[in-house]
**Q** 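For reference, the structure I am asking about is given below.
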Amino acid sequence: MLDLKYLRQNYQEVKEKLQHRGEDLTDLDHFEEWDQKRRQYIQESEELKARRNEVSKEISVLKKEKKDADHLIKEMREVGDRIKEIDEQLKSVEEKLNELLLSIPNIPHESTPIGESEDDNIEVRKWGDVRQFNFEEKPHWDVATDLGILDFERASKVTGSRFVFYKGIGARLERALINFMMDYQVDEHGYEEMMPPQIVNRDSLTGTGQLPKFAEDVFKLEDWDYFLIPTAEVPVTNYHRDEILTADDMPKKFAAYSANFRSEAGSAGRDTRGLIRQHQFNKIELVHLAIPEESYDTLEELTGHAEKILQLLKLPYRVMSMCTGDLGFTAAKKYDIEVWIPSNNTYREISSCSNFEDFQARRAGLRFRRDPNSKPEFVHTLNGSGLAVGRTVAAILENYQEADGSLTIPEVLRPYMGNRERIEPK
RNA sequence: GGAGAAGUACCCAAGUGGCUGAAGGGGCUCCCCUGCUAAGGGAGUAGGUCGUUAUGCGGCGCGAGGGUUCGAAUCCCUCCUUCUCCGCCA
């Protein structure tokens, strides 16, 4: 959410900057009208309320002195009716204004490249050497099925498409990755570990920006105003919602494991096979609450923390800076980390690291005080995957497959896998 | 799920319609006393937000949202949270 006053004072400039995002901004045309009406109603209503407060005191005095106050009471009855009328109009215009503010995307940071689509994203760096196979490499779902460690067919029976069973050593691999990633972020990068609720309410999803605009992307519980989390970003960022932190509390760094649930509305037919696009997947999420002037340094640090996991797993990747047209609703700047997937002959997103500046903080009421006497300011929020576990499994299956159908286990995972070095086909 | 109780400022807490636009404590800040410490004495201690071309004025605020009333922390309704007992349950 943008600041009302900022938007009022920089209306044209904001409008221009948002145009680079390629979003429909026709609602924005109402802003000036509604903003003005709102302030007009507030003024009228408050004048009458001030008058009512004053006269109510007079009435109280008169009554004590046993004097007649009927004419004042009658007048105040009319004033009260008028206040009610104005407040109703005020409420209606505030609702519209609020809805508008909630639907305006964040302003891209000046370092975000301007562009229309993913083709305009810019490669920032590349790490690792892509393996040259001396046999025909298989897609990860074939590797996994031949190893007997993933079962997509039965998951379809039990639930439906885009779900999977991890079996035996496959389940162990997934769990090893979760533990390895979490241990590393906590022990080496100083994150505080969190296990959040995986169901959240409407306010939380509004706080991080999934609602109201992207309701179709999340699963909602029937008969409840509760939703399955699409990412741990939602509960963890909302952890301090409507709080004022002290400077001593800052910055905050949380690492959270959770399952993630996404409806994948609108992506029918894409990545229908394998682990890349599931309705449910595991992820370690890194969340920062940063002091505003530090947040862009934090974004680099956070991205580095995610990259480190891929380096330790020896999986080749590249880092892309998302252009204005591919930025997402809430981010001011975003890096995607993409891992090499041999069967696709390309890099695929495995982590997304964003700085939202104060966009989420304003929605969620996340503030801090620099010192005990200063005014509260909005924090900057950031998050990034460290990493998406299912896609990491896919990358390992493809990059570590051997000609005989076996799989080499990345060295750093072996302590988590009973010191196994490989998985043999059934 | 059933029955009951409670939510007041940093904390505890008084308060059933109008000098409470929130008593009193504790804590915290400052001052006095004091060789130091302790004890004692005094003063201060809503914050936030919104409106207003404003070193000021005003609106809102007692869990949240409605309602009654000239006037609500106080009366009514709905909801949320916490606690106790019972039931059920991993």
Side-chain angles (χ1 to χ4, degrees), chain A residues 1-11 31-102 195-207 211-212 221-227 235 238-250 259 358 361-379:
Chain A
M1 189 159 66
L2 305 182
D3 177 48
L4 184 70
K5 285 177 189 160
Y6 180 81
L7 184 56
R8 186 184 300 150
Q9 281 157 17
N10 305 278
Y11 182 68
F31 172 76
E32 288 177 310
E33 180 201 336
W34 291 344
D35 177 50
Q36 207 182 346
K37 269 195 174 166
R38 170 176 171 270
R39 286 184 289 160
Q40 183 195 325
Y41 289 140
I42 287 174
Q43 271 187 63
E44 286 178 25
S45 171
E46 288 190 353
E47 253 170 56
L48 292 174
K49 281 173 183 167
R51 167 99 181 123
R52 180 175 65 183
N53 288 342
E54 205 179 310
V55 174
S56 287
K57 261 184 209 162
E58 285 174 34
I59 292 173
S60 157
V61 172
L62 287 175
K63 289 234 172 188
K64 248 187 209 97
E65 296 171 354
K66 307 268 195 229
K67 287 182 184 164
D68 177 58
D70 287 355
H71 63 291
L72 287 178
I73 289 175
K74 187 166 175 258
E75 188 198 333
M76 283 310 102
R77 194 174 296 150
E78 281 160 21
V79 168
D81 289 345
R82 181 72 189 129
I83 289 171
K84 201 175 280 182
E85 277 173 39
I86 296 169
D87 280 352
E88 269 167 32
Q89 287 172 298
L90 173 63
K91 194 179 166 191
S92 143
V93 78
E94 278 195 324
E95 272 168 17
K96 283 194 278 192
L97 195 59
N98 198 254
E99 200 180 319
L100 172 62
L101 285 173
L102 287 175
M195 275 210 192
Q198 308 201 14
I199 293 174
V200 293
N201 61 29
R202 181 173 294 274
D203 287 344
S204 293
L205 281 160
T206 306
L211 290 180
L221 270 62
E222 195 175 7
D223 297 332
W224 293 73
D225 208 25
Y226 287 174
F227 305 81
N238 278 281
Y239 180 72
H240 286 297
R241 189 174 72 223
D242 295 325
E243 292 182 24
I244 301 174
L245 304 172
T246 65
D248 297 343
D249 296 328
M250 305 278 294
D358 62 7
R362 184 169 283 113
R363 290 172 160 248
L366 289 165
R367 297 182 292 173
F368 80 106
R369 251 187 255 275
R370 286 180 192 270
D371 66 73
N373 294 318
S374 55
K375 293 206 81 154
E377 295 172 54
F378 288 110
V379 306

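To find a chain, count down the sequence lines: A is the first, B the second, and so on, and within it residues start at 1. Remember, it's a predicted structure, so these values are computed and weren't measured experimentally.
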**Q** Using the side-chain heavy atoms of A:Glu46, tell me which of these nucleotides is nearest: B:rG48, B:rG59, B:rU52.
**A**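 Among the listed nucleotides, the one closest to the side chain of A:Glu46 is B:rG59.
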
**Q** Return no unless some side-chain N or O of A:Arg39 is found under 4.0 Å from OP1 or OP2 of B:rU52.
**A**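 Answer yes for this pair, as a side-chain N or O of A:Arg39 is under 4.0 Å from OP1 or OP2.
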
**Q** Please state the C1' separation for the pair B:rU16 and B:rA73 - nearest whole angstrom.
**A**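 These two C1' atoms come out 10 Å apart once rounded.
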
**Q** If the C1' atom of B:rG67 is compared with that of B:rG17, how far apart are they to the nearest Å?
**A**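 Nearest-Å result for B:rG67 against B:rG17 at atom C1': 16 Å.
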
**Q** Using a 3.5 Å distance criterion without hydrogens, assess whether the side chain of A:Gln198 forms a donor-acceptor pair with backbone atoms of A:Ala259.
**A**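 Yes; at least one donor-acceptor contact below 3.5 Å.
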
**Q** B:rA43 and B:rC36: how far apart are their P atoms, nearest whole angstrom?
**A**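 Roughly 24 Å separates the two P atoms.
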
**Q** For B:rC50, take OP1 and OP2 only and decide whether either is under 4.0 Å from a side-chain N or O of A:Arg38.
**A**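 Looking at the OP1 and OP2 atoms of B:rC50, neither is under 4.0 Å from any side-chain N or O of A:Arg38.
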
**Q** Just checking A:Lys63: base, sugar-phosphate only, or nothing, at a heavy-atom cut-off of under 4.0 Å?
**A**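 The answer is base, as A:Lys63 lies within the cut-off (heavy atoms under 4.0 Å) of a base atom.
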
**Q** How far does the P atom of B:rG65 sit from the matching atom of B:rA72, given to the nearest Å?
**A**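 The same atom, P, in both gives a distance of 15 Å.
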
**Q** With a 3.5 Å cut-off and heavy atoms only, can you find an N or O donor on one side and an acceptor on the other between the side chain of A:Gln43 and the base of B:rG51?
**A**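 By the distance-only test, no, there is no pair.
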
**Q** Do A:Asn201 and A:Ser204 have side-chain N/O donor and acceptor atoms under 3.5 Å apart?
**A**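 Their side chains do contain a donor-acceptor pair, which is all the 3.5 Å distance test asks for.
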
**Q** With a 4.0 Å cut-off on heavy atoms, is A:Arg362 in touch with a base, just the backbone sugar-phosphate, or nothing at all?
**A**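 No contact.
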
**Q** Measuring from the side chain of A:Asn53 (C-beta onward, heavy atoms only), which nucleotide among B:rU52, B:rG21, B:rC50 has the closest atom?
**A**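 Nucleotide nearest to A:Asn53's side chain: B:rG21.
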
**Q** Over how many whole Å does the gap from A:Lys49 atom NZ to B:rU49 atom C1' extend?
**A**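 Between C1' of B:rU49 and NZ of A:Lys49: 14 Å.
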
**Q** If anything within 90° of 0 is syn and all else is anti, what is B:rG61?
**A**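 Syn for B:rG61; the angle stays within 90° of 0.
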
**Q** Please state how far atom CZ in A:Arg202 lies from atom P in B:rC79, giving the value in whole angstrom units.
**A**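 Taking atom P of B:rC79 as the reference, CZ of A:Arg202 is at 18 Å.
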
**Q** Would you mind reading off the distance between A:Phe378 atom CZ and B:rG48 atom P, rounded to a whole angstrom?
**A**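 Rounding to the nearest Å, CZ of A:Phe378 and P of B:rG48 are 13 Å apart.
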
**Q** Return the 5'-most residue of the pair A:Val55, A:Arg369 with respect to RNA chain B, ranking by each residue's nearest nucleotide.
**A**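 This one resolves to A:Arg369.
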
**Q** Pick base, sugar-phosphate or nothing for A:Arg367, based on heavy-atom distances below 4.0 Å to the nucleic acid.
**A**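 Counting heavy atoms under 4.0 Å across all strands, the contact made by A:Arg367 is with sugar-phosphate only.
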
**Q** Identify the stems formed by RNA chain B, where each pair is Watson-Crick or G-U wobble with both distances under 3.5 angstrom and a stem is at least 3 consecutive pairs.
**A**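 The stems that RNA chain B takes part in, listed by first number, are B:1-7 with B:80-86, B:10-12 with B:24-26, B:27-32 with B:40-45, B:48-52 with B:56-60, B:63-67 with B:75-79.
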
**Q** Distance check, P atoms only: B:rG66 and B:rC89, in whole angstrom units.
**A**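 42 Å, rounded to whole Å.
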
**Q** Is A:Asp70 salt-bridged to A:Lys74, going by a charged N under 4.0 Å from an acidic O?
**A**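 Answer for the salt bridge query: no.
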
**Q** Whole-Å distance between B:rG51 P and A:Gln36 CD?
**A**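 Rounded to the whole Å, the gap is 13 Å.
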
**Q** Specify the separation, in whole Å, of atom CD1 of A:Ile42 and atom C1' of B:rU49.
**A**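 Whole-Å distance recorded here is 11 Å.
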
**Q** Measuring from A:Leu72:CG to A:Arg52:CZ, what's the distance to the nearest 0.5 Å?
**A**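 Reported to 0.5 Å precision, the distance equals 14.5 Å.
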
**Q** Considering only side-chain heavy atoms of A:Arg77, which listed nucleotide, B:rU68, B:rU49, B:rC70, is closest?
**A**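 Comparing B:rU68, B:rU49, B:rC70 against the side chain of A:Arg77, the answer is B:rC70.
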
**Q** In whole angstrom, give me the gap between the C1' atoms of B:rC33 and B:rU37.
**A**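 Comparing C1' positions in B:rC33 and B:rU37 gives a spacing of 14 Å.
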
**Q** For the pair made of CG in A:Leu48 and C1' in B:rC70, what is the distance, rounded to whole Å?
**A**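 Going from CG in A:Leu48 over to C1' in B:rC70 covers 14 Å.
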
**Q** Do A:Gln89 and A:Glu85 have a side chain donor and acceptor closer than 3.5 Å?
**A**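 Looking only at side-chain atoms, A:Glu85 and A:Gln89 do not form any donor-acceptor pair under 3.5 Å.
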
**Q** Can you name the residues that form a ring-ring contact (aromatic ring centres under 6.0 Å, His included) with A:Phe31, not counting sequence neighbours?
**A**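 With neighbours one apart ignored, the set is A:Tyr11.
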
**Q** Take the protein atom CD1 of A:Ile86 and the nucleotide atom P of B:rC60, then report the distance between them rounded to whole Å.
**A**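 Rounded to the whole Å, the gap is 14 Å.
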
**Q** Do A:Ser56 and A:Asn53 have side-chain N/O donor and acceptor atoms under 3.5 Å apart?
**A**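 Looking only at side-chain atoms, A:Asn53 and A:Ser56 do not form any donor-acceptor pair under 3.5 Å.
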
**Q** Could you check whether any side-chain N or O of A:Arg38 sits under 3.5 Å from a backbone N or O of A:Val93, counting only pairs where one atom can act as donor and the other as acceptor?
**A**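 Judged by distance alone, no pair lies under 3.5 Å.
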
**Q** Of all the nucleotides listed (B:rC50, B:rC70, B:rU49), which has the minimum atom distance to the side chain of A:Ser56?
**A**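 That would be B:rC70.
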
**Q** If I pick the C1' atom on B:rG58 and the same atom on B:rU68, what distance separates them, to the nearest angstrom?
**A**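 Pairwise C1' distance, B:rU68 against B:rG58, rounds to 26 Å.
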
**Q** Just so I know, are the side chains of A:Arg51 and A:Glu75 near enough to count as touching, which here means a heavy-atom distance under 4.5 Å?
**A**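 Yes. Closest side-chain heavy atoms under 4.5 Å.
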
**Q** If you only use heavy atoms from C-beta on, which nucleotide in B:rG21, B:rC50, B:rU49 is closest to the side chain of A:Lys57?
**A**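 Among B:rG21, B:rC50, B:rU49, the one nearest the side chain of A:Lys57 is B:rG21.
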
**Q** To the side chain of A:Arg52, which of B:rC70, B:rG18, B:rG58 is closest?
**A**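 Nearest nucleotide to the side chain: B:rC70.
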
**Q** To the nearest Å, how far apart are A:Glu58 CD and B:rG18 P?
**A**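 After rounding, the gap between these two atoms is 18 Å.
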
**Q** Out of B:rG51, B:rU49, B:rU68, which has the shortest distance to the side chain of A:Lys84?
**A**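 Minimum distance to the A:Lys84 side chain belongs to B:rU68.
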
**Q** Do A:Lys49 and A:Asp87 make a side-chain contact, defined as non-hydrogen atoms from C-beta onward lying under 4.5 Å apart?
**A**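 In contact.
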
**Q** Mapping A:Asp35 and A:Met76 onto RNA chain B by nearest heavy atom, which one lands closer to the 5' end?
**A**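 Taking each residue's closest nucleotide, the earlier one in sequence belongs to A:Asp35.
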
**Q** If the C1' atom of B:rG25 is compared with that of B:rA9, how far apart are they to the nearest Å?
**A**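 Roughly 14 Å separates the two C1' atoms.
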
